[in-house]
Amino acid sequence: MTSLRKDAARNWDRIVTVARELVDEGTPLQLNDVARRAGLGVGTVYRHFPTTEALLETVATPCLEALAGHGEQALTRDDPWQAFAGFLQRLVDAQVGDPSLAKVAANTQDALPRTTELKQQVIAIGRELLARARKAGAVRPDLADGDLVPLMCGIAYATYVHSATPADRLPAARRYLDTLLRGLRA
């Protein structure tokens, strides 16, 4: 966010807070609904966020930043397998725990350059961690770099489809990931 006047910054914060609440509730984002719930004019919301996608990506940005930060830390770990598995664990936890992330990750076109930058950073870190684990002989050599995103998305999707309640999602996702990791281990 660029430097804003105090009132504009308060409005921006209010819009993002309301959007976060709606996303967490599972309510589809509509800019008119966000304006009404935030107690702001529709024009104010559109000035800050010209599209629903831009607002959703803004909501997801802290999660993407946290994933990138965790990935950077994982790259410093000595054990390539633990670094790789730990990063995938964090990724699955984020996908299941933050409803905005799954939607933003699934989009092929990003509304905000920062989103593209963060998604590319997370993918590059995953590939680097996989390369380190492969080089150490800790992971099956036939696992391709391009396999990671579909596998992680598959776990998140299966978790949402097959979990009876939201409380069941994280334990299920961790079971699925554990099973996947056992299959990937060399």
Side-chain angles (χ1 to χ4, degrees), residues 1-72 87-126 148-150 152-174 176-177:
M1 177 173 70
T2 59
S3 180
L4 298 173
R5 294 184 337 251
K6 286 183 181 181
D7 61 330
R10 276 193 306 273
N11 289 343
W12 188 93
D13 288 341
R14 181 73 186 131
I15 293 164
V16 173
T17 298
V18 167
R20 171 90 264 169
E21 292 167 0
L22 290 169
V23 168
D24 288 345
E25 291 171 4
T27 304
L29 275 185
Q30 300 291 325
L31 296 181
N32 291 350
D33 295 340
V34 171
R36 184 173 36 260
R37 193 162 169 176
L40 298 170
V42 175
T44 300
V45 175
Y46 278 90
R47 269 192 300 282
H48 288 284
F49 301 99
T51 65
T52 302
E53 293 78 17
L55 179 53
L56 181 63
E57 290 176 21
T58 300
V59 169
T61 294
C63 184
L64 286 167
E65 289 172 340
L67 281 172
H70 178 75
E72 292 295 336
F87 179 70
L88 294 185
Q89 178 71 56
R90 269 309 209 3
L91 187 59
V92 166
D93 287 356
Q95 285 180 310
V96 173
D98 186 342
S100 69
L101 182 63
K103 293 173 185 166
V104 168
N107 288 338
T108 56
Q109 291 289 333
D110 300 320
L112 304 174
R114 178 72 174 143
T115 305
T116 302
E117 174 189 323
L118 287 167
K119 285 166 66 174
Q120 289 173 348
Q121 183 179 3
V122 169
I123 290 169
I125 289 168
L148 286 181
V149 170
M152 296 302 98
C153 289
I155 288 173
Y157 179 76
T159 300
Y160 277 97
V161 170
H162 296 289
S163 295
T165 67
D168 296 335
R169 287 184 186 141
L170 187 57
R174 288 180 174 167
Y176 299 159
L177 179 62

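Just so you know, these numbers come straight off a predicted model, no measurement behind them.
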For Val23 and Leu29, run side chain to side chain contact (heavy atoms under 4.5 Å, CB included): C-alpha distance rounded to whole Å, both residues' side-chain angles, the deciding distance at 0.1 Å, then the answer. CA-CA 7 Å; Val23 168; Leu29 275 185; 4.0 Å; yes
Yes or no on side chain to side chain contact (heavy atoms under 4.5 Å, CB included) for Arg174 and Asp93, after CA distance, side-chain angles and deciding distance? CA-CA 8 Å; Arg174 288 180 174 167; Asp93 287 356; 2.9 Å; yes
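Judged purely by distance below 3.5 Å, without hydrogens or angles, the side chains of Thr116 and Asp110 pair a donor atom with an acceptor atom. Side-chain atoms of Thr17 and Arg14 form no donor-acceptor pair, as typed in the model, at a separation below 3.5 Å.
Heavy-atom minimum distance, Ile155 versus Ala173: CG2-O, 3.9 Å. Contact between Thr58 and Phe49 at its shortest, heavy atoms only, is OG1-CE2, 3.3 Å. When every heavy atom of Ala111 is checked against every heavy atom of Thr51, the shortest pair comes out as CB-OG1, 4.2 Å. Residues Tyr160 and Gln95 share a closest heavy-atom pair of OH-O, 3.4 Å.
Residues Val104 and Glu53 fail the side-chain proximity criterion, which asks for heavy atoms closer than 4.5 Å. Taking 4.5 Å as the limit, some side-chain heavy atom of Leu101 sits within range of a side-chain heavy atom of Leu67. Using a 4.5 Å heavy-atom threshold, the side chains of Leu88 and Met152 count as touching.
A donor-acceptor pair under 3.5 Å is formed between the side chain of Glu57 and the backbone N or O of Leu112.
Few gaps surround CZ on Arg169; more than 12 heavy atoms of other groups in view lie less than 6.0 Å from it. Atom CD of Glu25 has more than 12 heavy atoms from other residues, nucleotides or ligands within 6.0 Å. Counting heavy atoms of neighbouring residues, nucleotides and ligands inside a 6.0 Å radius, atom OH of Tyr46 exceeds 12 of them.
With rounding to the nearest 0.5 angstrom, the OG1 atom of Thr159 is 10.5 Å from the CG atom of Asp168. One finds the NE2 atom of His48 at 11.0 Å from the CG atom of Leu55 (value rounded to the nearest 0.5 Å).
Note on Arg36 versus Asp33: salt bridge recorded, some NZ/NE/NH1/NH2 to OD/OE distance being below 4.0 Å. Asp13 and Arg20 are not joined by a salt bridge, as no carboxylate oxygen comes within less than 4.0 angstrom of a charged side-chain nitrogen.
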